[in-house]
Every structure is written in structure tokens, then in C-alpha cells.
Amino acid sequence: MGGVGRMGHTPLPGIGVRYDLVTRERRRLSVIAHLDGSRTLNVYRGDDPDDTAVCLKLNAEEADTVVDALLPSHHSPNLLATAELGLVAERIELPSTSYWNGRLLGDTRMRTETGVSVVAVLRRAEAIPSPGPDFRLAGGDTLIVVGTREGVGVAAGVLGRE
């Protein structure tokens, strides 16, 4: 999965996304972000993904509370505390098989259809902030989106359409 402290992710069709991390202390953990907003946090004893030491199942509200506690928003009043506003920021990867690969962002009607805003696109080592409707999407792009949890789920479905 890569080096210590690097986050990897694996789409789980029909379920959500699994995020994997190895800490500086070589502890392996994963978070499954379910489509309904709930989360499953797994901490493993070793490298075997079946050797779970701790498994916590959190509903959406509990997950938001944990995320809020981990974010630096408690230390800086200028940061947006999205959980309190009912908004989430998520990464959505555009598969190369997506219908939208090579098409314009505006053609997705993302904001109109889902209420979700694309605030940036990560492409290779480049970040494109505030892409406009004439921005051409490419397979492998990671879209940083902000919206309601439900809207972000719908947006992921739209972008994953083949």
C-alpha cells in the first residue's frame, strides 16, 4: 500500500470506499466510508487484514463527531466546521471507464442535479482550484466536492456512470 503515513483508498461498489493507513508506529488501520454515511473503523494486529484487534461501527452522527475531534477546527476559529453545518467534503475519483471521461464538468450538471460543488480537481501532481464548467474531466482525476452527505453520494454515482 505504500509508505508509512500514506493513505490509500479502494472503491467498494455498492458499499462505499475503504481508506487504508499505516501509522508511524507501523499500526495498520482502515476506515470504510459507507454510502449511508456510517463508518467502520478497523485497527489490525499485524499485516493480515483478517486479524482485527478493534472494529468500531459508527453511525453518521458519531462519525462526524469523531472527524470533528480530529480536525484542527477546535484550534483555529477560521476553519469551516462542516459537520456542524450538515456539509461534508469528500474526494471522488473519476474512473477511466466513466461516461464523463473527456467531457466537460458543466455537462455533468453536478451543482444543479446534486447540489454539490466541485471545489478542486487533483490531476497527477497538480491541483486545479475552482474548476469552471468548461473544465475537461479525465479518468483518474480526483474531484474534491462539498455538499450534503446525500448529495455527495448521488454525485459519486453520477461520476461513476459508465
Side-chain angles (χ1 to χ4, degrees), residues 1-2 5-23 27-71 82-124 127-128 131 135-162:
M1 180 200 67
R6 297 197 45 97
M7 180 78 72
H9 69 281
T10 305
L12 302 173
I15 297 170
V17 178
R18 187 184 77 223
Y19 298 92
D20 297 291
L21 175 74
V22 177
T23 69
R27 294 296 307 260
R28 181 175 295 274
L29 62 98
S30 71
V31 176
I32 299 173
H34 298 273
L35 295 174
D36 66 1
S38 65
R39 300 291 192 262
T40 303
L41 172 65
N42 295 302
V43 180
Y44 303 100
R45 285 185 175 77
D47 283 341
D48 183 354
D50 294 324
D51 193 10
T52 306
V54 176
C55 177
L56 292 173
K57 296 182 187 305
L58 305 171
N59 66 28
E61 184 178 346
E62 293 165 336
D64 283 344
T65 301
V66 170
V67 167
D68 190 47
L70 293 171
L71 287 174
T82 57
E84 295 169 13
L85 300 174
L87 297 175
V88 295
E90 294 272 347
R91 295 171 175 245
I92 301 175
E93 187 169 336
L94 186 75
S96 58
T97 57
S98 172
Y99 170 81
W100 302 109
N101 184 2
R103 297 179 190 267
L104 299 179
L105 177 60
D107 292 345
T108 66
R109 298 179 46 81
M110 187 67 55
R111 190 173 302 140
T112 304
E113 299 295 325
T114 68
V116 167
S117 294
V118 178
V119 297
V121 174
L122 308 179
R123 180 177 287 168
R124 292 182 290 282
I128 299 103
F135 180 82
R136 193 165 298 279
L137 296 166
D141 283 352
T142 299
L143 285 70
I144 308 298
V145 301
V146 174
T148 64
R149 189 170 304 287
E150 180 183 355
V152 168
V154 173
V158 167
L159 293 168
R161 178 180 139 208
E162 294 187 12

- Does the side chain of Leu21 come within less than 4.5 Å of Tyr19's, by heavy atoms? no
- Task: Begin from the C-alpha positions of Arg18 and Val31 and carry the test side-chain contact (heavy atoms from CB on, under 4.5 Å) through to its verdict.
- Result: CA-CA 6 Å; Arg18 187 184 77 223; Val31 176; over 6 Å; no
- Query: If you look at every heavy atom in Leu159 and Pro95, which pair is closest and at what distance?
  - Reply: O-CD, 3.9 Å
- Item | Nearest non-hydrogen partners of Leu58 and Glu62, listed with the distance | CA-OE1, 3.3 Å
- Message: So which atom in Ala63 and which in Gly37 form the shortest heavy-atom distance, rounded to 0.1 Å?
- Response: CB-O, 4.4 Å
- Taking the side chain as every heavy atom from C-beta outward, state whether Arg109 and Val158 have any atom pair closer than 4.5 Å. no
- Query: Hey, is CD on Glu150 packed in by over 12 heavy atoms from elsewhere, all under 6.0 Å?
  - Reply: no
- How many angstroms lie between CG in Asp141 and CZ in Arg124, if you round to the nearest 0.5 Å? 8.0 Å
- Task: Kindly compute the distance separating OG (Ser38) from CD (Glu61), expressed to the nearest 0.5 Å.
- Result: 13.0 Å
- Are side-chain heavy atoms of Arg39 and Ile32 found at a separation under 4.5 Å? no
- Query: Does the side chain of Thr108 reach to within under 4.5 Å of the side chain of Arg103, using non-hydrogen atoms?
  - Reply: no
- Task: Grab the two heavy atoms, one from Ser117 and one from Arg111, that are nearest each other, plus how far apart they are.
- Result: OG-NE, 3.3 Å
- Message: If you count heavy atoms of other groups shown closer than 6.0 angstrom to CZ of Arg123, is the number above 12?
- Response: yes
- Item | Arg28 side chain to Val22 backbone, donor-acceptor under 3.5 Å | no
- Item | Considering all heavy atoms, the nearest Phe135-Ile128 contact | CE1-CG2, 4.0 Å
- Query: Does Glu113 reach the side chain of Val154, with side-chain heavy atoms less than 4.5 Å apart?
  - Reply: no
- Message: In the structure I gave you, are the side-chain heavy atoms of Arg149 and Glu90 within less than 4.5 Å of one another anywhere?
- Response: yes
- Give a yes or no answer on whether the side chain of Asn42 reaches the backbone of Ser30 with a donor-acceptor pair at less than 3.5 Å. no
- Query: Between the main-chain N or O of Arg45 and the side-chain N or O of Asp51, is there a donor-acceptor pair closer than 3.5 Å?
  - Reply: no
- Task: Report the residue from Leu143, Val152, Val145, Leu122 that forms a side-chain contact (heavy atoms from CB on, under 4.5 Å) with Arg91.
- Result: Leu122
- Message: To the closest 0.5 Å, what do you measure between CD (Glu162) and CG (Asn101)?
- Response: 11.0 Å
- Task: Return yes if some donor-acceptor pair links the side-chain N/O of Ser98 with the main-chain N/O of Trp100 below 3.5 Å, else return no.
- Result: yes
